[in-house]
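So the structure is just underneath, and the comments pick up after that.
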Amino acid sequence: MKKKLMLGNEAVARGLYESGCTFVSSYPGTPSTEITEEAAKYPEIYAEWAPNEKVAVEAAYGAAVYGARSFAAMKHVGLNVAADLVFSASYAGVNAGFVIAVADDPGMHSSQNEQDSRHYARASKIPMLEPSDSQECASFAAAAFEISEQFDTPVFLRTSTRVAHSQSFVECTERREPPLREYIKNPQKYVMAPANARARHPIVEARTEKLAAFAGTSGLNTIIPAAPEHAGKIGVVCSGIAYQYAREALGDRASYCKLGLVWPLSEKQLREFAASVERVYVIEELDAFLETELRAMGIACTGKELFPRIGEYTPAMIAEKLLGVRPPEAIAAPDVPVRPPVLCPGCPHRGLFYVLNKMKLTVSGDIGCYTLGSAAPLSAMDSTLDMGASISMLHGRNTVRPDESDRAVAVIGDSTFMHSGVTGLVNAVYNHSASTIIIADNSITGMTGHQDNPTTGKTLKGDITSAVNLEALCHAVGVRRVRVCDPYDVEELERILSEELAVKEVSVVIARRPCALLKTVKHGKPYTIDASKCRKCRMCMKIGCPAIRFDGVASIDPSLCVGCDLCARMCRFGAIEGGASKC
């Protein structure tokens with residue numbers, strides 16, 4: 001048995017491999033993306049990118065019903081998309097093991113909310129495991145398959161940004177190869193018509209009771225006693241990364257009830273733990289999920305009256321709240337300057353948002369790198385709520401403000417369009433919307449790290465496949481006006497948008513240029529600014545390129561400039577000189 005240093009996400013993939021998982025389907029979403037990327041490196045595992053999370057869990061569940069251990073991963077908001085299948089699969093149960101990883105994002109490092117996915121476990125009546133380090137990521141992934149098959153249920157594996165992206169050692173074992181399970185036709189189990197679903201519901205409730213009893217004896221929950229001189233005083237109920245923070249802050253001055261199975265809970269185990277200490281603290285990021293359950297059991301505890309419901313915790317915070325002290329390293333830690341995210345140098349979205357800002361249009365936005373078009377100085381986005389919302393929200397706006405339809409557009413990326421924008425476009429066409437939709441096609445799923453999607457012509461494993469033709473797809477759903485342009489050509493883009501906004505029907509403008517970070521994109525020589533020609537008008541600053549700075553006079557950082565020539569197009573005085581783009 002060998003040990004290897006692994007990211008949490010890499011360790012989950014290792015657990016999938018070792019437990020004999022053979023089918024993985026996911027949609028990339030930080031902080032869960034690397035699980036599927038790492039799983040794809042094992043030839044024994046079929047791994048794919050699906051167009052969205054709902055399709056991913058449906059495909060994985062299909063594989064499980066027909067006999068193969070299967071898995072799907074997503075970030076917390078992706079579970080919203082997948083929920084339709086998830087709730088029904090809870091009633092139907094499984095054949096082979098079916099595991100769903102959901103990665104929460106306390107602190108919203110890359111997300112639009114701090115949604116706590118533990119509520120989904122309770123609402124869907126599906127057990128949820130929560131690892132606290134990479135070793136547990138691997139072992140809990142394997143345990144999840146065993147629980148799934150033993151109790152005839154899907155199983156959630158919940159991680160968080162810190163667990164997913166932190167490293168610790170993992171003991172690697174050999175892969176086991178469970179045989180493909182026999183499929184027996186059973187419509188009473190798998191056809192969720194009302195009569196069948198009513199019969200399944202009591203089974204699910206009985207299953208929850210059995211799982212609660214299992215939680216206390218499974219070994220997934222661990223009682224860690226305090227040092228003898230501190231025994232019987234402070235007791236901490238926690239799970240996941242909160243355990244690591246609490247342990248670092250309190251050490252052996254507290255006893256811990258570390259929950260690996262966070263739903264359902266073992267009331268017997270929690271009561272016995274609470275009875276062994278003078279005071280129980282519940283330390284958990286985000287919502288008072290465990291605290292609420294303990295209070296419902298009649299267990300006195302202290303939680304959110306002491307700890308915040310917002311953001312990430314730290315060991316220093318916990319030490320200060322419980323011990324009234326701050327570790328010296330926390331006091332001495334310097335303030336780190338804020339580094340806001342920006343569009344990369346050469347980003348094709350920059351020209352698009354410059355034009356939208358210049359035209360003073362209302363912009364219904366979407367989820368992706370291009371969400372950064374909302375930030376100054378581009379400041380060209382009015383709303384971003386969820387994947388695919390841009391088109392539908394624009395349709396709603398233009399329906400109630402028909403006289404202003406020529407002053408608003410929707411912007412959606414190519415991957416997001418395939419995820420959940422197509423149906424919004426169908427709705428707009430079907431209902432005679434007067435809406436102009438811009439597909440920002442950068443030829444990749446950029447925000448989560450360059451994953452392929454149905455428009456790129458490659459699968460997750462690099463196999464060549466059919467690429468969705470966006471123009472043909474738009475025509476197929478009834479869009480008569482489809483235009484394609486280069487977002488670097490800002491004058492042409494502005495002309496096309498003006499023409500399409502003037503018509504009272506659905507039109508699609510595809511702003512197509514590949515992501516500047518793709519390996520296939522060839523960059524030109526960096527541009528320079530002739531200070532003698534610079535009139536200090538700051539026009540070049542309006543595109544928000546991080547390669548350009550202004551300190552009395554404009555200058556370009558050659559280590560950042562990729563020679564895209566967008567700034568040169570902005571300059572009316574010919575002050576920006578140099579190589580041209582070779583994209």
Side-chain angles (χ1 to χ4, degrees), residues 53 57 61 72 74-94 98-106 113-132 140 143-144 147-148 150-160 192 197 200-216 218 220-221 237-243 257-271 273-274 280 282-299 301 303-304 307 309:
E53 294 86 358
V57 295
Y61 183 62
M74 61 209 67
K75 67 185 298 176
H76 58 295
V77 288
L79 185 52
N80 301 333
V81 181
D84 199 2
L85 178 281
V86 168
F87 276 71
S88 294
S90 175
Y91 271 36
V94 301
F98 176 43
V99 177
I100 303 165
V102 55
D104 285 4
D105 191 18
N113 67 31
E114 285 189 297
Q115 178 179 307
D116 190 327
S117 296
R118 293 177 296 177
H119 297 292
Y120 269 104
R122 179 167 51 198
S124 65
K125 305 178 189 298
I126 291 176
M128 176 176 276
L129 305 182
E130 184 173 2
S132 65
F140 282 18
I147 293 170
S148 177
Q150 179 180 345
F151 292 94
D152 189 16
T153 179
V155 175
F156 284 124
L157 181 71
R158 179 192 187 229
T159 66
S160 64
M192 284 297 99
R200 292 292 302 176
H201 192 180
I203 296 172
V204 172
E205 296 298 339
R207 180 183 75 197
T208 301
E209 293 181 7
K210 292 175 184 176
L211 279 161
F214 170 79
S218 66
L220 293 165
N221 299 339
V237 176
C238 52
S239 64
I241 196 64
Y243 165 72
C257 179
K258 176 181 169 295
L259 300 174
L261 187 59
V262 295
W263 181 262
L265 299 173
S266 168
E267 183 171 346
K268 179 177 182 293
Q269 185 179 43
L270 288 166
R271 285 189 179 282
F273 177 74
V280 174
V282 181
I283 301 178
E284 54 184 332
E285 291 179 329
L286 303 182
D287 295 342
F289 182 85
L290 298 175
E291 179 186 349
T292 299
E293 294 300 322
L294 263 66
R295 291 185 187 278
M297 296 173 188
I299 298 174
C301 59
K304 292 304 178 185
F307 298 101
R309 297 173 182 266

Would you indicate whether the side-chain heavy atoms of [Y] and [X] approach each other to under 4.5 Å?
X	Y	answer
Ile299	Val237	no
Leu270	Glu293	no
Phe214	Leu220	yes
Leu265	Met297	yes
Gln115	Asn80	yes

Taking [X] for its side chain and [Y] for its backbone only, find out whether a donor-acceptor pair lies under 3.5 Å.
X	Y	answer
Arg118	Met128	no
Thr208	Val204	yes
Arg200	Met192	no
Ser148	Thr153	yes
Asn221	Cys257	no
Arg122	Trp263	no
Asp116	Asp287	yes
Ser90	Ser124	yes
Glu284	Glu291	yes

Take Lys125 and Glu205 through the test side-chain contact (heavy atoms from CB on, under 4.5 Å) and record every step on the way to the result. CA-CA 8 Å; Lys125 305 178 189 298; Glu205 296 298 339; 2.9 Å; yes
Hey, which of Leu157, Leu259, Thr159 is the one that makes side chain to side chain contact (heavy atoms under 4.5 Å, CB included) with Leu129? Leu157
For [X] versus [Y], what's the shortest heavy-atom pair and its separation?
X	Y	result
Pro264	Ala212	CG-N, 3.5 Å
Leu290	Ser239	CD1-OG, 4.2 Å
Glu285	Pro106	OE1-CG, 3.5 Å

For the atom pair [atom1] ([X]) and [atom2] ([Y]), what is the distance rounded to the nearest 0.5 Å?
X	Y	atom1	atom2	value
Tyr91	Ile203	OH	CD1	11.0 Å
Leu294	Cys301	CG	SG	5.0 Å
His76	Leu286	NE2	CG	8.5 Å
His201	Arg207	NE2	CZ	10.0 Å
Asn113	Asp105	CG	CG	9.0 Å
Phe140	Leu261	CZ	CG	8.5 Å

Is Asp104 salt-bridged to Arg158, cutoff N-O under 4.0 Å? yes
Are Glu53 and Lys75 close enough for a salt bridge, meaning some N to O gap below 4.0 Å? no
Decide if atom NZ of Lys304 counts as having more than 12 heavy atoms of other residues, nucleotides or ligands within a radius under 6.0 Å. yes
How are the rings of Tyr61 and Phe98 set to each other: parallel, tilted or perpendicular (split at 30° and 60°)? tilted
